[in-house]
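Input: a single structure, listed below in structure tokens.
Residue indices begin at 1 and follow the sequence shown.
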Amino acid sequence: MDSKIIHAACMRAAITVIATGVAIIEQERNINYIQREPRINAIAQREFYMDNILNRGDRYSIEQIRMKPVVLYNLCNILTSHDLLGSTQNVSIREQVIVFLQIISQNQRFHFISAIYYRSVETIHRYFRIVLKAVLKLYKHLIKDLGDTVPAEIMNNQRFYPYFKV
């Protein structure tokens with residue numbers, strides 16, 4: 001009879017554990033969790049923002065990056081044709097140049113631009129420096145040294161010549 005009492009006590013304990021487990025599971029199912037907001041598609045948002053700057057009109061583009069979209073595309077072509085700038089796996093040339101132009105033309109902070117483009121401040125800073133170095137290297141291709149010759153307009157004008165003496 002002792003074994004029957006022990007067996008019955010074990011069965012009651014097992015039933016209690018199972019019932020408690022079922023009650024906990026039911027309670028977890030009935031809890032209202034706070035729904036997560038949908039994730040932002042950062043790539044699509046970035047492209048939308050850049051397209052908005054370039055396709056909204058020349059006036060808006062000039063307000064944002066201080067140049068027309070045609071001039072921006074020409075600048076990108078010049079930088080790539082001289083092998084001064086290249087696309088990376090994550091950042092296109094167009095994005096690099098637009099970010100650079102927004103920072104220098106609007107006097108924006110890296111933190112502000114990083115929030116707009118969903119990039120880290122370090123990434124924005126890195127590509128800003130890359131584009132800055134590329135633009136500074138353009139002087140070799142755009143500025144020609146005339147040598148020691150002074151144009152006649154400067155040489156004959158007393159206002160300018162003292163400052164341009166060779």
* **All pairs passing ring pair (Phe, Tyr, Trp, His ring centres under 6.0 Å) where residues 45-68 contributes a residue, at least two apart** => Tyr49-Tyr117
* Which pairs pass ring pair (Phe, Tyr, Trp, His ring centres under 6.0 Å) with one or both residues in residues 87-109, sequence neighbours excluded? -> Phe100-Phe128
* Asked: Where do Asn77 and Thr80 come nearest, in terms of heavy atoms and distance?
  -> O-OG1, 3.0 Å
* To do: Please examine the side chains of Leu54 and Ile98, heavy atoms only from C-beta on, and report whether any two atoms are closer than 4.5 Å.
  => yes
* Should we count CZ of Arg129 as having more than 12 external heavy atoms under 6.0 Å? -> no
* Does any pair with a residue in residues 72-93 pass ring pair (Phe, Tyr, Trp, His ring centres under 6.0 Å), and if so which ones, sequence neighbours excluded? -> His82-His141
* To do: May I ask you to check whether over 12 heavy atoms, not counting those of Gln27, lie within 6.0 Å of atom CD?
  => no
* Asked: How many angstroms lie between atom OH of Tyr127 and atom CD1 of Ile103, to the nearest 0.5 angstrom?
  -> 13.5 Å
* Could you pull out all residues at least two apart from Val71 that satisfy side chain to side chain contact (heavy atoms under 4.5 Å, CB included)? => Met67, Lys68
* Between Pro69 and Ser61, which heavy-atom pair has the shortest distance, and what is it? -> CD-OG, 3.5 Å
* To do: Tell me, please, which residues at least two apart from Phe112 pass side chain to side chain contact (heavy atoms under 4.5 Å, CB included).
  => Gln108, Ile116
* Sequence neighbours left out, what passes side chain to side chain donor-acceptor pair (under 3.5 Å) with Glu28? Give chain and number order. => Tyr33
* Asked: Can you list the residues that meet the side chain to side chain donor-acceptor pair (under 3.5 Å) rule with Ser87, with sequence neighbours excluded?
  -> none
* Does a side-chain N-to-carboxylate-O contact under 4.0 Å join Arg119 and Glu95? -> yes
Compile the donor-acceptor pairs under 3.5 Å between side chains in residues 7-25 and protein atoms, sequence neighbours left out, one pair per line.
| unit_1 | atom_1 | unit_2 | atom_2 | d |
| --- | --- | --- | --- | --- |
| Thr16 | OG1 | Arg12 | O | 2.7 |
| Thr20 | OG1 | Thr16 | O | 2.7 |

* To do: Return the set of residues passing side chain to side chain donor-acceptor pair (under 3.5 Å) with Arg94 (not counting sequence neighbours), or none when no residue passes.
  => Glu47, Asp51
* Set of salt bridge (Lys or Arg N to Asp or Glu O under 4.0 Å) partners for Asp58, sequence neighbours left out -> none
* Asked: Roughly how far, to the nearest 0.5 Å, is CD1 of Ile130 from CD1 of Ile93?
  -> 11.5 Å
* Asked: Where do Cys76 and Val97 come nearest, in terms of heavy atoms and distance?
  -> SG-CG2, 3.9 Å
* Tracing side-chain links under 4.5 Å among I, L, V, M, F, W and Y, which residues wind up in one group with Tyr118? -> Ile40
* Does the side chain of Val131 reach to within under 4.5 Å of the side chain of Val99, using non-hydrogen atoms? -> no
* Structure fact -> Closest non-hydrogen contact found for Ser81 with Ile78 is OG-O, 3.0 Å
* **same_hphob_cluster(Leu132, Ile65) at 4.5 Å side-chain heavy-atom cutoff** => yes
* What pairs with Arg109 under side chain to side chain contact (heavy atoms under 4.5 Å, CB included), at least two apart in sequence or on another chain? -> Asn107
* In Å and rounded to the nearest 0.5 Å, what is the NE2 to CD1 distance from His125 to Ile113? -> 13.5 Å
* About how many Å separate CD1 of Ile62 and CD1 of Ile53, when rounded to the nearest 0.5 Å? -> 13.0 Å
* Structure fact -> Heavy-atom closest pair (Leu79 atom, Val135 atom, distance to 0.1 Å) is CD2-N, 4.4 Å
* Asked: Does Ser105 use its side chain to pair, donor to acceptor, with the backbone of Gln64 at less than 3.5 Å?
  -> yes
* Asked: Is it the case that more than 12 heavy atoms not belonging to Ile43 sit under 6.0 Å from its CD1 atom?
  -> no
